Amino acid sequence: MTLLTFVLTRVLPGSPIDEIAGPMATSQQRQALMRHYGLDRPLWTQYVAYLGGLARGDLGTSFVTSRPVAADLASFFPATMELTTWAMLLAVVVGVPLGVWSAVHRGTWIDHATRVLAVAGLALPVFWVSLVLIYLCFYVWHLVPPPIGRLPALVTPPPPVTGWMVVDSALARNWAVLGDAARQLILPVAVLALAAVAPLARVARTSMLDVLGAEHIRATRSLGIPWRRVVWTYALRNAMLPVLTMLAIVYGYLLGGSVLVETLFAWPGMGRYAFNAISGNDYPAAQGFILYATVVYLVIFIVVDVCSAILDPRIRT
Amino acid sequence: MFADAAYLLRRHPVSLAGVLLLALIAATALAAPVLAPASPLATNPGDALLPPSPRHVLGTDDFGEDLWSRVLWGGRIDLLIALGAVAVALLSGCALGAVAGFCGGWIDEGVMRTMDVLQAFPSFILAMGVAAALGPSLRNLIVSVALINVAIYARLMRARLLVVKHAPYAAAARAAGNPPWRVLTVHLLPNCLTPVVVQSSLQSGWAILTAAGLSFIGLGVRVPTPEWGVMVAMGVPRITAGAWWISFFPGMCIALAVMGFNLVGDGLQDLLDPQRR
Amino acid sequence: MRSFGLRLALAVVLALAGLGGIPAGSVGAPAGGSDTLVIAVSRDMQNLDPTNASSDSFTLETLTNVYSWLIDYKLVKQPNGQMIGDPNAFVGNLAEAYRFTDGGRKLVVTLRRGLEFSNGDPLDAAAVKFTYDRLFDQNATTAALTRMAKITDKGSVKVLDDHTVEFDIADPNTLVLGNMSQYGHAILNPRVVRPHMTADDPAAHEWLKSNTKGTESGPYLLESWEPGVQFTFARNPHYWGPPARIARVVFRIVPDPSTRLALLKSGNVDIARDLAPLDEVELMHDPSVTVYRFPTRITSFLGMNAKVPPFNNVKVRQAIAWATPYNTIIRNVMVGFARPLTSPVPSGMPTHTDQYFAYRTDPAKAKALLAEAGYPNGLSVTFTSRADLAESKGIAVWLRSGLAQAGITVTINEMQGAAFTAALQRHDLVFFHHPGWNSINNDPFYHLYWLMQSACCDYTNYANATVNDLITKNMISTDLKARAAASRRIQQIATEEAAWVFLYQPDLVLTTRKTIGGVVFYPADVRVRYYYMTKE
Amino acid sequence: MLDVRDLRVAFETRGRTVPALHGVSFALRPGTVAGLVGESGCGKTLTALAIMRLLPATAGIQAGDVHLNGRSLLDLPEREMARVRGAGIAMIFQQPRASLNPVFPVAAQLTHVLRLHRGLARRAALAEAEALLARVGLPGPTRILRAYPHELSGGMCQRVMIALALACRPRVLVADEPTTALDVTVQLQIVELLRALQQELGLTVLLITHDLGLVAEICDDVHVMYAGRIVESASVEALFRRAAHPYTRGLMTARVRAGGRALPTGIPGRVPPLGQTPPGCPFHPRCHLAGPECAAAEPPPEVVADGHIVRCHRWRAGVA
Amino acid sequence: MLRVEGLHKRYPVRGAGSGRHALHAVDGLDLEIEAGETVGLVGESGSGKSTAGRCILRLEEPTSGLIAVDGVRLAEAREAELRLLRRRMQMVYQDPLDSLNPRMPVGRQIAEPIWLLGVASRPEAERRVYGLLELVGLPGEVARRYPHELSGGQQQRVAIARALAPEPRLLILDEPTASLDVSVQAQIVRLLVDIQSRHGLAYLLISHDLSLVGVLAHRVAVMYCGQIVEIGNTDEVFARPAHPYTQALLSATPRDAPGEQRSRVLLRGEPQAPIDPPDTCRLYARCPCAAPACLERPAHLQTFAPGRAVRCVRFLDEHGRGVVSR
């Protein structure tokens with residue numbers, strides 16, 4: 001994993017030194033910088049040094065921001081996590097019932113309409129929707145605050161505890177900031193959720209259809225349990241399993257999609273950080289980011305696995 | 001086949017709409033040289049940023065290029081990206097998955113762990129990294145988009161293969177004297193393709209979106225290539241200034257094409273899975 | 001069994017309450033009070049060490065606003081009433097006075113009395129000496145520029161008394177003041193910086209990269225820096241001059257240009273930086289916004305690598321210069337926010353002349369030249385543009401269709417920022433757009449040296465013996481007449497030989513709300529000073 | 001007790017209406033076990049599902065009526081029907097493990113039913129659940145209550161399912177191939193359990209099976225189905241002694257008899273697939289007695305003896 | 001003609017606790033089949049009978065054991081030997097639809113073993129298909145059909161035709177009628193008997209259905225938890241079953257007619273998977289006549305009468321005589 005990350009970043013065209021050194025630097029100054037950043041050594045020694053740093057929890061120092069990558073990530077990641085997690089929740093809250101509803105009314109116009117709606121949400125390019133919505137909701141209709149990141153410009157952020165603006169402000173009992181933070185979230189969360197609703201609804205629908213066709217649902221109904229109960233209690237829990245797996249996949253998709261959304265909403269998140277790192281040949285930053293993203297992604301999968309185990313006893317044994 | 005089509009028509013008007021949509025897009029893309037009133041690359045300094053009018057049905061962009069012509073030609077490139085990326089991912093993914101599932105053992109371990117690593121990255125970020133490393137070009141764009149999907153096909157293929165591998169007809173084929181490679185290619189692979197086909201239709205839509213996203217951040221194809229994603233990206237800064245048409249129409253095309261692919265995928269899923277009929 | 005449904009319902013309620021339930025009260029509210037300036041910028045600052053800073057424009061703008069140096073440009077009022085910092089006139093800044101002695105071999109600087117750093121520490125000759133010692137020890141770009149003006153080493157900087165410093169100049173020249181009037185010569189506080197100097201990092205580079213606290217000497221201090229979010233200036237109470245009119249300046253990082261535009265139009269920010277030229281044109285019709293445009297001396301050109309075929313052939317370069325659609329590019333890409341560049345020495349720089357510039361867009365002439373060069377059937381070239389710069393993309397497209405008229409087929413190759421810079425610095429690019437070079441010293445030889453002779457920045461590998469000779473001879477000289485003649489001769493040669501395709505000099509455009517006043521322009525460094533700004 | 005009259009069910013596939021049940025009529029006598037016998041695809045499970053009104057979405061009841069104690073079930077609104085299910089008619093299924101919800105422990109599923117149908121409090125429901133599990137012969141009921149279906153064997157699952165069905169105290173129990181998926185030795189246990197419960201609780205049972213041996217084992221009456229029709233109804237004794245329909249007789253001879261060396265005879269041809277039922281008597285293409293009238297018209301029910309009804313033009317020729 | 005000795009098939013399983021565990025799916029199977037003979041292998045699901053069949057045909061690699069066909073020992077199956085083995089032996093599977101490739105016309109599937117096993121050339125093989133179809137009572141046009149277009153009975157006939165294609169001497173019939181309709185089962189049973197009488201094939205009939213085995217098999221071997229617990233002449237075993245398990249199986253066969261009375265041997269509980277099984281009696285926990293003696297000695301398969309062997313300590317104690325079978 002680390003090796004792949006390392007190689008992937010080193011094959012990026014160009015060199016960070018030129019950006020650091022500035023145009024007027026002499027070749028001697030460049031050499032000095034290369035030495036300073038350890039870029040003059042053979043690649044494998046660089047890799048060993050990188051691994052050594054990793055072992056000490058040191059992700060290196062960003063060439064561009066000139067801060068420790070770990071510190072950068074610590075400040076950028078919560079922003080993305082907050083954004084994507086709320087989007088995920090919204091998508092679940094909308095998408096899963098939509099899928100279930102669609103499955104229950106399978107083949108009717110309700111089914112068709114929800115499918116078209118869900119598919120349309122998925123089909124619209126995220127950056128395009130973002131911009132149209134910013135234009136309409138902020139600029140024309142004044143429904144949402146300006147897209148300038150997590151808080152309005154002059155608001156002092158609450159003391160960071162979790163890095164989640166909403167949570168931190170709640171912890172600090174700063175309700176005004178909580179409101180500000182929540183309002184800033186509305187549009188980007190809605191945009192991201194729009195794209196996530198479709199796959200969730202689709203999976204919820206198919207798995208619900210599968211479950212509703214299962215023998216045990218028929219058996220449950222044969223015991224005189226009312227239809228609604230059957231759907232929302234007996235069937236839903238079974239149907240949630242594939243949805244959970246999809247949740248992890250969609251989370252990954254949202255983490256990726258955040259690059260685009262963060263740019264447009266001036267969201268100080270890791271998507272933008274990653275883009276800057278990759279296009280700026282900022283090796284330590286890019287490596288650190290990829291590593292961190294992977295860890296987060298793995299954690300999400302672990303959480304999903306745990307949730308699956310809670311939902312499905314068969315996985316536990 | 002006809003019965004299937006008739007069935008689709010009656011039971012799945014939505015999927016049918018998807019088929020028609022794709023057919024329309026494919027037809028206009030193919031007929032672009034005939035339909036387009038101008039070359040997609042014909043710049044005209046005097047005609048820049050004209051709104052839709054009878055002369056320029058969809059208006060013009062910054063360079064005075066006729067958007068209608070560009071949208072038509074763009075269909076070719078985007079379909080090429082979608083199909084190319086899916087084809088590359090499908091072929092390599094299926095091959096890897098088939099070999100892993102069939103051989104098992106350390107080969108399986110090796111291939112699937114590699115796929116795990118690929119999938120451990122959020123897909124767009126991986127595509128971004130690969131596209132940045134390769135540099136922007138149509139071919140590299142296809143490769144980057146394909147790479148992030150290889151693992152999906154490999155997994156799908158392997159999972160399906162593990163099922164059919166233990167089907168009695170696989171045993172029967174071996175008992176009939178089929179050497180292993182023949183069991184795999186003649187007996188097992190044809191029976192693994194259904195989920196792959198469904199997946200590729202869905203993935204084609206994703207491919208267009210991913211490609212457009214990469215183009216938006218400057219890692220996709222180069223200007224002035226008439227690719228929908230690039231066109232949207234070019235028009236995005238103009239939306240707030242009122243020139244909505246530049247990115248609106250290519251954006252709609254992306255949405256329609258992706259919708260088409262997704263609806264067809266949905267329909268295929270229903271059609272190919274008799275249980276769900 | 002019921003609990004799951006219950007939990008789900010709870011989640012729905014919570015989510016709805018969290019997202020929809022809060023009224024959007026402060027929407028559209030104006031940016032802070034009249035004491036605070038809110039600015040939407042496109043990206044973050046980088047490395048803030050003045051003597052070895054990143055060349056990123058926001059980094060340098062910050063350095064310019066939070067540090068002071070000995071000598072600066074003189075503020076003058078233009079006929080139209082606009083205040084500018086004259087690039088050719090200098091006044092003392094931290095210096096109360098300065099004078100050249102010994103026929104230009106010495107520069108004696110007298111400091112103002114009672115100067116203080118932002119933490120209240122005294123700013124005296126010792127601090128100046130400390131600053132220059134560190135500068136030469138570090139031996140980075142600033143040191144090179146200082147040596148270029150013939151102040152060669154630590155020994156050249158002498159403390160005469162607490163308030164007087166003397167600089168030795170090895171060869172009298174005209175570059176000294178220009179080279180010293182910038183952020184690299186920011187005077188640092190030894191009491192703050194010295195503790196961060198270590199054996200590994202004798203220049204305290206690591207600390208200065210992201211810190212200014214206590215060592216600021218300019219009108220503002222860097223109050224906070226949230227990476228990727230915003231950075232804030234606050235008025236420096238210890239500044240020697242009248243305090244800044246606006247107490248706080250908030251720089252909000254908003255990467256997308258259309259978002260910045262929307263923020264400015266809606267009044268959520270006072271100033272929006274780096275807008276698309278087209279948007280700026282549109283803003284000129286917005287009664288609530290002022291669009292300032294200042295002509296710069298930034299040189300934007302198309303580079304053609306003179307060592308690589310076919311561009312080693314003068315006729316090919318000339319053909320391309322005749323085929324380039326100059327007006328289209330200025331009108332459609334820059335939307336008029338640029339002036340034609342008619343010489344390697346930009347207009348506004350002493351000795352500039354356009355009398356040798358004959359190029360127009362004339363495909364027939366270009367074709368003829370191509371035929372003479374041995375390409376009667378046209379030519380295929382690859383043009384490299386920067387993927388992350390909108391105008392670079394636009395130029396590529398117009399160039400492609402323009403050159404096509406002359407039978408030159410252009411393949412466009414886009415490169416991301418870092419890759420482009422790297423290739424540029426290696427002089428690997430064959431045919432490319434240089435987005436703009438600004439010579440901070442308003443001196444033709446300083447300018448020509450870097451772009452046509454220096455090892456680092458002669459990106460096109462242009463090498464004409466006469467030109468090189470003239471630059472070398474006149475660079476360090478005080479003979480203004482000879483210099484003027486030589487400069488004109490170089491302009492003639494380079495223009496006629498089509499050393500580059502001379503594109504344009506972009507304007508500096510600053511878009512502010514109408515409420516903002518006191519905008520002062522510094523053509524030399526093109527950096528915005530917030531010190532003078534006011535807000536109603 | 002349970003009275004099914006002229007039940008007609010059709011599938012809606014690919015836009016075509018394919019009839020599956022062509023007028024099924026039979027009645028259950030209270031406190032008896034009736035067998036519904038036939039090969040796969042003859043419509044016996046469909047009949048059961050139609051009675052329960054649990055047909056798959058693609059199938060619909062075209063005509064006919066189902067009466068439980070004189071009350072028509074087909075006209076009931078879904079809410080009412082839900083109340084009839086379980087309390088009126090309960091059902092057990094062929095795949096015991098698949099018919100239990102995999103993600104809930106046995107206790108949750110049982111107590112839910114008990115609380116819903118019998119209005120028991122949580123604690124009482126738990127005690128009753130334990131008693132029920134003991135009643136269906138599950139060792140260690142407390143342990144079973146905590147278990148999930150996948151932790152139980154097939155036989156245990158079927159016992160749990162029976163307990164679930166009994167929890168509602170139904171009058172009628174529909175058992176759809178309750179032993180088919182089980183191991184031979186376990187089948188016997190379940191059959192014994194069903195027999196014991198039936199006698200003890202005085203249940204009326206509709207046993208759906210393809211296994212004439214099982215019919216012989218526990219049924220009082222038999223209804224033989226072929227191609228969506230009941231072709232013969234009789235008491236078990238009468239049927240095994242003197243089957244009147246050539247199909248029933250074919251089924252008898254097709255059985256592989258334990259201990260016997262005689263080869264089974266079987267019936268030529270195959271069961272007609274859904275929607276391809278031949279005109280006239282659906283069995284005539286496979287029937288060795290078939291004559292021209294058989295292809296022409298569907299035979300009406302004829303009384304062979306008291307309580308013995310057959311639908312065959314030529315049953316007399318066969319019996320003679 | 002087929003001799004199986006000491007056939008073992010173990011699967012590693014991850015059990016609770018530490019250490020390795022093995023599922024002894026087939027645990028020391030000895031079996032001989034003469035030409036033209038039908039041997040029934042009876043047991044419940046999980047008894048290892050199907051695994052045994054698959055191991056004999058080398059569709060699965062046995063853990064250990066010897067298989068000899070016509071005196072040729074196939075300890076190490078090489079590709080050439082496997083071909084030889086499969087020319088002599090073929091298999092018919094339980095579910096005909098699953099055992100046929102859904103994407104290949106059945107004619108090609110029948111032809112495959114002929115040319116792949118080197119019996120005849122490919123064109124010749126394709127000609128022979130029609131003869132084989134006729135042999136199993138199907139019209140020649142079926143050759144062009146796909147499996148799902150055929151009825152269950154027709155599919156099983158195709159499967160039999162395919163098994164017969166390389167002209168084997170032994171057919172392994174794995175529950176050949178279990179998934180068929182009652183009326184069709186009889187047709188297949190008759191077809192199998194017919195083919196055996198005409199071609200002198202030997203059958204290894206794997207089934208859970210004692211009635212079917214009773215009709216078809218000359219000898220019957222009863223398997224429980226991977227082991228043969230009783231073997232002998234079918235009529236004798238059916239008339240006087242020696243092992244309690246055999247008795248239970250026999251008493252579980254359905255009644256022929258209502259009112260027929262029969263002694264019932266009811267086993268408790270359900271079969272357990274033989275994971276790390278003891279070498280004592282594996283039926284002990286379920287056996288109605290279990291006694292302390294059953295746990296004292298390992299249970300071996302012992303001959304107690306000519307052609308009859310049983311693995312029951314109690315029975316052997318009561319019937320005194322007998323020698324260790326191997």
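Below, read A as the first sequence line, B as the second, and so on, with proteins coming before strands; counting in each chain starts at 1. Side chains are part of it too, since the values below use all heavy atoms of this structure and drop only hydrogens, waters and symmetry mates. Note that this is a predicted model, so its numbers are computed, not measured.
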Closer than 4.0 angstrom, basic N to acidic O: yes or no for [X] and [Y]?
X        : Y        : value
C:Glu414 : C:Arg386 : no
C:Lys265 : C:Asp286 : no
B:Asp47  : B:Arg55  : yes

So what's closer than 4.5 Å to chain B heavy atoms on [X]: side chain, backbone, both or neither?
X        : value
C:Asn332 : side chain
C:Leu278 : side chain
C:Ala276 : side chain
C:Asn413 : both

Tell me if the CH2 atom of B:Trp68 is crowded by more than 12 foreign heavy atoms within 6.0 Å.
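Incorrect, the count does not exceed 12.
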
How about B:Arg139: does its CZ atom have over 12 heavy atoms from other parts shown lying under 6.0 Å from it?
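Result for CZ/B:Arg139: open.
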
Could you have a look at C:Val281, C:Leu283, C:Asp388, C:Thr328 and say which one has the most heavy-atom pairs with chain B under 4.5 angstrom?
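Highest number of heavy-atom pairs under 4.5 Å: C:Thr328.
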
Flag the one option from C:Gly394, C:Ala390, C:Ala387, C:Pro325 with the top tally of heavy-atom pairs under 4.5 Å to chain B.
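Heavy-atom pairs under 4.5 Å are most numerous for C:Gly394.
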
Contacting region of B:Leu49 [heavy-atom separation from chain C under 4.5 Å]:
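For B:Leu49, side-chain heavy atoms alone lie under 4.5 Å from chain C.
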
Between C:Phe383 and C:Phe431, ring centroids under 6.0 Å:
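Centroid distance C:Phe383-C:Phe431: below 6.0 Å, so yes.
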
